[in-house]
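What follows is a single structure, written as structure tokens, with notes after it.
Chain A is the first sequence line, chain B the second, and so forth, proteins listed ahead of strands; every chain is numbered from 1.
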Amino acid sequence: MSEKSLEDIIPEVLVIGGGIAGMQAALEVAEKGFKTYLVEKTPSVGGRMAQLDKTFPTLDCAACTITPRMVETGNHPNIELLTYSEIKSIEKDGTNFKAVIKKNPRYVDVKKCAGCGACAEACVLKGKIPNEFDESKGKRSAAYVPFPQAVPLKYTIDPQRCLTVTKGKCGKSPKCKEACKAGAIDFGQKEEMLEVKVGAVIVATGYDLFDAKQKPELGYGKYDNVITGLEFERLVSSSGPTKGDILINGKKPKSVVFVQCVGSRDHTVNNEYCSRVCCMYTAKQAHLVRDKIPDAKVTICYIDIRAFGKGFEEFYERVQKEGVVYRRGLPSEIYKKDDKVVVKAEDTLAGEIYEEEADLVVLATGIMPRKDSKALSEMLGLEHTPDKFYAEKDPQDIINTNVDGVYLAGCCQGPKDIPDAVAQASGAAALAAKRIAKKK
Amino acid sequence: MEEKKDLKKEYELSVCLQCGKCVAGCPVSSKSKLNTRKLMRETLLHDVSKYIEEKSEIWECTSCNTCAERCPRGLEPSKLIRALRGYMIEEGHIAKSVIDALESAYKYGNPFNMPKQKRADWTEGMPVKKASESETLYYVGCVPSYDNRVKNVAKSLTGCLTKSGTDFGILGTEEVCCGSEIRRLGEEGLFEELSEGLKSALKENNIKRIITTSPHCYNAFKNEYNLEGVEVFHYTQIIAKAIKEEKLKITKEMKKRITYHDPCFLGKQNKIFDEPREIIKSIPGIDFVEFDRSREKSLCCEGGGGRMWIETESTTRLSETRVKDAVSMGAEIIAVSCPFCMLTLEDAVKTADLEGKIQVKDISEILIESL
């Protein structure tokens, strides 16, 4: 598969995925002076990181870190940002790649849309649709931006929910259309196909979270006070549905139990690997509970604590000093007791079985390969490792792949934290730039 | 020494994470000395067979298999317990009641010291075909064959099956114990012997399909017999299908609030959760309520794992917790689909002094009243 000559290489790069890794890769390539297409499936760049409240171990505000980068990505003259778009087809074409990108109709003319939000305000479904960005804890309209800092700050009409799109009718005439002073609402929009040719591809498609319903013994989906780590992020975020107050059924929880390794290191759900971020995000979340509800009892149930990054062990110790109790042993049963839940576990260090009554249980759900990851790998001929993430070329080289000119960045290659994703993305950008620069 | 090595390898004890999930899910762990995690560790590090007599708590295991179902490393502590029970049997550290059950199973083909020729007495006044006359065998099982209360389940089920137009025969006095409980008591050899006997009976009678009363027998045939060319069903699967296909006509309504208790061997171990519920819900008038701890996290009734023959020091019986929960939900009937659950829960109704407040009925008994 090794290519002899890169004479005909096109000095342009396609980056797939607009999360932190994809943005980093696109910005790095663009800064080197090359044209970059950045394709993002959702209406905005930002990805998972934009959903987070604070980042470990420094407790920096995630939004404050990522927002400038999103803006930069949106404004960079060398980046052609294609949000709400997906790869329809992609194949190797000599040493280059030919891709067809499908631009989904937003039903909003982005050239006219001023991002004022009048359409969302007017939408008859306002406050009725679970907002994915808030892990469905908050509500939005059918006309929406996923979050206020979205890039581009252009509204999108949800084709699954909008009455005009789904039923062909919304009252006498769509309220959004009436409300939009700029005349940007356009239900006549159709999907568009854009064909591009590039010399290199950076895959930064990210990850799915483990679906905690696959562990029915933990009661997720059955009890309101059992939530996932990412739901907790939205709950504790000042931009979230509760404006940052940790509230469960309107009340501040006084006893909080965190459960590690939900869907990671678990043969019963065929995920044998460690997700690498849960130990630290849980430590961070425990700290945030301590910070916001000082008198709450906070317990973390774990198997092993993996605090391997810079400043991680120190943070772990800090959280312990704050009074968070780490109990070794995984809960096996969570059941209801009045409006609380009971977490049954063994403290394997004390050899003691206990039943902890909790107002809130946070499940540290792990990182999974994206459900749709195979569609792309089949088109590109990319291999997967047994854990179903995209395969690196060899264990010492986690950026190159079995396909020359295709590079990996971020969690699509395997679970990793933000610093590691950013580093890998910079590496991918460097290798992509090296490849397309050969012509010069 | 040789045996110790085998246990380590056989049960991959060195792979155990010591996370305690097995202990946390174990229905008896909070009230007994039994600690599967420690047992895994100890057996890895020491030759437990040398001091096996100190491990009497392993008789508390109900073989519900929750430990294995949820082990993140895919290990099976329940099987280690079985092996350790086997050592105890070899060494003679075994209760008289267990010896009696095993001897009876060996001699009479049932663990209750009941004569072989009485095995089909429940069919009195109820003509049932011989196994040789049908490709489908209704395997009745020991408890429904001999226990005076549970005989009624065999009768009701026979009624339901007949009304659904299901053609089937029984082995009658030729039927012997499937060995599921025997195996869980640690008597692997006797299990083999019983299973070989039954396998040849299946062959002789050209059986293509087995329907069982008990989830325990179902599990044995389905997962432990390595049967080829024979389909195995729990009766709830057959009945639910017959209702769906309108082969069973439900004519009477039943104005009762009913809950359902998932047996470990049917639910947790074989993921049959929906069919029993479908049958109950198909009866008009029934107000069906769920236990909080249902389906995958159903509370074990403590009837399995040979516990029918073992006196334990346990204080609170989980079956009592179960019937009390049912009463607090306002249920008038706890529906069961397992003979052991029926016995433990009925007993609990008496010991918890709830007679008259709640009844325990098999799904087949509830259904036949509505046909």
Side-chain angles (χ1 to χ4, degrees), chain A residues 210 212-223 226 257 259-275 301-306 327-356 364 366, chain B residues 12 15-42 57 64-77 262 264 267-269 271 273-274 290-300 316 318 321-322 325 328-329:
Chain A
F210 175 74
K213 284 184 189 155
Q214 281 189 53
K215 306 288 296 171
E217 71 270 22
L218 301 179
Y220 177 76
K222 190 170 176 186
Y223 309 130
V226 178
V257 176
V259 181
Q260 302 263 223
C261 296
V262 177
S264 309
R265 308 179 70 191
D266 189 347
H267 282 244
T268 67
V269 292
N270 299 317
N271 290 351
E272 292 162 27
Y273 55 84
C274 164
S275 286
C301 303
Y302 71 102
I303 314 176
D304 302 293
I305 290 301
R306 294 180 171 172
R327 298 196 85 169
R328 192 181 182 282
L330 280 190
S332 186
E333 301 262 328
I334 295 181
Y335 45 90
K336 206 173 158 58
K337 189 177 179 191
D338 307 320
D339 58 351
K340 291 173 187 275
V341 284
V342 177
V343 179
K344 189 178 170 198
E346 185 196 16
D347 184 317
T348 62
L349 300 177
E352 181 181 298
I353 294 146
Y354 65 94
E355 290 181 302
E356 181 79 31
Chain B
E12 297 180 284
V15 179
C16 174
L17 278 170
Q18 289 287 297
C19 70
K21 186 140 183 160
C22 52
V23 180
C26 174
V28 298
S29 65
S30 21
K31 53 176 194 158
S32 116
K33 257 173 70 189
L34 183 63
N35 184 308
T36 42
R37 176 188 61 81
K38 282 189 198 165
L39 213 52
M40 297 284 276
R41 190 75 185 161
E42 228 177 298
E57 70 269 18
C64 72
N65 213 40
T66 310
C67 53
E69 297 294 328
R70 295 185 189 158
C71 174
R73 279 281 165 89
L75 307 181
E76 296 181 290
D262 288 280
C264 301
K268 273 178 190 159
Q269 295 186 33
K271 315 289 175 263
F273 297 112
D274 296 328
E290 284 277 12
F291 281 112
D292 171 47
R293 301 177 76 171
S294 63
R295 299 176 73 94
E296 291 89 347
K297 52 178 191 172
S298 175
L299 197 62
C300 175
T316 15
L318 299 176
T321 310
R322 206 62 167 161
D325 283 351
S328 73
M329 288 164 15

B:K21 side, atom NZ; A:K344 side, atom NZ - distance, nearest 0.5 Å:
12.5 Å

Looking only at non-hydrogen atoms, find the nearest pair between A:A345 and B:A24 and report the distance.
CA-CB, 3.5 Å

Part of B:Q18 within contact of chain A (heavy atom distance under 4.5 Å)
both

As an exercise: rank B:E296, B:R293, B:R295 by heavy-atom pairs under 4.5 Å with chain A and give me the winner.
B:R293

Contacting region of B:D292 [heavy-atom separation from chain A under 4.5 Å]
both

Which atoms of A:P331 come close to chain B, meaning under 4.5 Å heavy atom to heavy atom: side chain ones, backbone ones, both, or neither?
backbone

Hey, could you give me the CD1/CZ distance between A:I303 and B:R73, rounded to the nearest 0.5 Å?
8.0 Å

Which residues satisfy the side-chain contact (heavy atoms from CB on, under 4.5 Å) test with B:T36, sequence neighbours excluded?
B:C22, B:V23, B:P77, B:I81

Looking at B:K38, B:R70, B:E69, which has the largest count of heavy-atom pairs under 4.5 Å with chain A?
B:R70

Is it the side chain or the backbone of B:R37 that comes within 4.5 Å of chain A heavy atoms, both, or neither?
side chain

Evaluate whether atom NZ of B:K271 has more than 12 neighbouring non-hydrogen atoms of other residues, nucleotides or ligands under 6.0 angstrom away.
yes

Counting only non-hydrogen atoms closer than 4.5 Å, can you tell me which residues of residues 260-269 of chain A sit against chain B?
A:R265, A:D266, A:H267, A:T268

Within a strict 4.5 Å, meaning less than it, do heavy atoms of the B:K268 and A:E217 side chains meet?
no

Against chain B, label A:Y302 side chain, backbone, both or neither, depending on which of its atoms sit under 4.5 Å from a heavy atom there.
neither

Output for pair (B:K297 NZ, A:K222 NZ), nearest 0.5 Å, gives 4.5 Å

Side chain, backbone, both or neither of A:L330 within contact of chain B (heavy atoms, under 4.5 Å)
both

Among B:C19, B:G20, B:G74, which residue has the highest count of heavy-atom pairs closer than 4.5 Å to chain A?
B:C19

